[in-house]
There are 2 protein chains.
Amino acid sequence: MAMGRPREFDADAALDQAMEVFWRHGYEGATIAQLTEAMGINPPSLYAAFGNKEGLLKAALDRYTAKRAAWMEGVLSAPSARDVAERMLMGTADSQTDPDNPPGCLLVQGGLACGTGSENVPFELAARRALTEDQLRERFVRAKQEGDLKQTADAAALARYLSAVSAGMGVMASSGADREALRQVANVSVKVFEEQSTT
Amino acid sequence: MAMGRPREFDADAALDQAMEVFWRHGYEGATIAQLTEAMGINPPSLYAAFGNKEGLLKAALDRYTAKRAAWMEGVLSAPSARDVAERMLMGTADSQTDPDNPPGCLLVQGGLACGTGSENVPFELAARRALTEDQLRERFVRAKQEGDLKQTADAAALARYLSAVSAGMGVMASSGADREALRQVANVSVKVFEEQSTT
DNA sequence: CCATATCTGTAGTGAGCACTACAGATATGG
DNA sequence: CCATATCTGTAGTGCTCACTACAGATATGG
């Protein structure tokens with residue numbers, strides 16, 4: 001019963017471009033004109049595929065987190081809480097200063113505060129940041145069970161701490177901090193875990 | 001030779017209101033209509049007094065940092081590097097969750113990424129964040145001279161670390177983290193300084 | 001009291017925004 | 001080959017934005 005004209009652009013490739021625009025300019029700072037130009041399509045194609053600007057952001061965020069999932073698995077698979085923290089923060093330092101991407105982290109750069117009508121966006125970003133924190137907390141609970149983290153350690157507090165440091169590094173990266181500066185922060189931050197470790 | 005009609009509103013009180021709007025909605029999210037309503041004035045008065053929206057932001061930032069200067073002096077006057085860090089982070093946790101202010105920190109909430117035409121704003125905020133970091137670094141250099149911080153400690157790295165943690169706490173506060181959560185982060189963060197102290 | 005300089009309020013202005021109507025193009029199902 | 005369903009490109013739409021022209025108000029200096 002007639003399938004209609006097929007889409008001519010690659011949705012994932014277009015999302016990669018949209019992701020970069022949101023990353024660099026934030027949700028409110030990114031305009032549809034910039035997005036469509038980067039994606040190589042016209043507005044009607046964008047709206048047909050993603051609904052509206054916020055729908056496009058969500059799709060781009062999904063792709064962002066999906067890409068990071070593999071990396072995050074590598075982080076969580078480190079043998080100890082201390083090594084989890086080190087991989088997490090060093091990887092964050094490197095990815096936030098990767099010249100292939102805009103500086104910082106999309107989940108921070110995307111928008112902490114938005115104007116009327118976009119109040120949803122900060123929540124959307126925060127929810128995705130919280131997912132990483134949850135994974136870290138569970139990993140630290142396991143570390144206590146496995147004995148490489150002190151029984152007195154607070155898994156939730158340590159996860160929150162790592163989450164805060166990562167976000168803070170994102171803020172610094174977005175304002176021009178270089179890789180070496182972020183690695184310094186990561187090195188200092190990891191010391192907390194050495195003190196909380198049993199080894 | 002004729003001084004003209006005097007201003008009818010209190011510029012500082014108006015700036016306090018503008019500050020809050022920028023804080024809550026970010027630079028781009030804040031509209032002139034919201035600002036003028038909060039300030040209790042009309043657009044021509046705003047433009048006569050502050051030039052344009054960016055000029056108003058700078059004036060609000062000046063007032064923000066001026067208000068914090070006294071608090072910052074109290075932080076820096078703590079007797080040791082470790083106590084500086086504790087006062088800094090605990091004070092940050094409290095002020096970022098003070099119900100009298102919007103959550104988070106204006107210097108982070110104001111805008112990390114902006115659209116075309118406002119590229120200056122993120123730099124403006126970053127420059128003011130950097131001032132605090134400079135003060136901390138100098139304080140830690142002094143702490144090394146005074147001997148309460150190890151000679152092997154890196155004053156610049158520690159200052160950067162505190163700056164990153166504060167910014168990260170601001171991100172968390174803006175997405176709803178409560179005071180207790182931020183204090184946990186502060187408590188964990190301070191441990192780094194205990195390890196770097198001579199006592 | 002007058003001339004002048006500055007502020008205030010009303011009522012816009014052009015520009016840029018997210019979003020879309022519509023017509024033509026291109027595929028599938030029969 | 002035809003009917004249909006979906007995509008694409010052009011060319012807008014109404015709306016909101018930062019910003020301002022202008023006229024009336026209110027102070028000072030002489």
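In what follows, chains are A, B, ... by sequence order, proteins preceding strands, each numbered from 1. Just so it is clear, the structure is predicted and the values come from calculations on it, not from any experiment.
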Rounding to a whole Å, what distance do you find between [X]:[atom1] and [N]:[atom2]?
X: F22(A); N: dA18(C); atom1: CZ; atom2: P; answer: 9 Å
X: E8(A); N: dA27(C); atom1: CD; atom2: C1'; answer: 10 Å
X: F50(B); N: dT6(C); atom1: CZ; atom2: P; answer: 17 Å
X: I32(B); N: dC15(D); atom1: CD1; atom2: P; answer: 22 Å
X: L46(A); N: dA18(C); atom1: CG; atom2: C1'; answer: 11 Å
X: Q34(A); N: dG16(C); atom1: CD; atom2: C1'; answer: 12 Å
X: M3(A); N: dG30(C); atom1: CE; atom2: P; answer: 11 Å
X: N52(B); N: dC17(D); atom1: CG; atom2: P; answer: 17 Å

Sidechain-backbone polar pair: R63(A) side chain, L15(A) backbone, donor-acceptor under 3.5 Å: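 Pair absent, no side-chain N/O of R63(A) close to backbone of L15(A).
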K53(B) vs P43(A), nearer the 5' end of DNA chain D by closest nucleotide: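 On the 5' side of the pair lies P43(A).
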Residue whose closest nucleotide on DNA chain D lies nearer the 5' end, P44(B) versus R7(A):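 The 5'-side residue here is R7(A).
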N42(A) side-chain proximity, nearest of dA18(C), dT10(D), dA27(C):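 So the side chain of N42(A) is nearest to dT10(D).
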Cluster link L162(B) to L149(B), ILVMFWY, side chain under 4.5 Å: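 Result: yes, single cluster for both.
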Salt-bridge contact E133(A)-R129(A) (side-chain N to carboxylate O under 4.0 Å):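 No salt bridge links E133(A) with R129(A).
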Electrostatic pair E124(B)-R128(B), nearest N-O below 4.0 angstrom: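 Salt bridge present between E124(B) and R128(B).
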Watson-Crick or G-U counterpart of [N], or none if no pair lies under 3.5 Å:
N: dG30(D); answer: dC1(C)
N: dC7(D); answer: dG24(C)
N: dA15(C); answer: dT16(D)

Phosphate OP1/OP2 of dC7(D): any S45(A) side-chain N/O under 4.0 Å: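 For dC7(D), OP1/OP2 do not have a side-chain N/O of S45(A) under 4.0 Å.
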Y47(B) side chain near dC19(D) phosphate (N/O to OP1/OP2, under 4.0 Å):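 Result: yes.
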Heavy-atom donor-acceptor pair, R5(A) side-chain to dA25(C) base, under 3.5 Å: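 Yes, the side chain and the base share a sub-3.5 Å donor-acceptor pair.
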Sugar-phosphate only, base, or nothing, as touched by A49(A) at under 4.0 Å among non-hydrogen atoms: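 If one applies the 4.0 Å heavy-atom cut-off, A49(A) turns out to touch nothing in the nucleic acid.
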E54(B) and N120(B): side chain donor to acceptor below 3.5 Å: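 Their side chains do contain a donor-acceptor pair, which is all the 3.5 Å distance test asks for.
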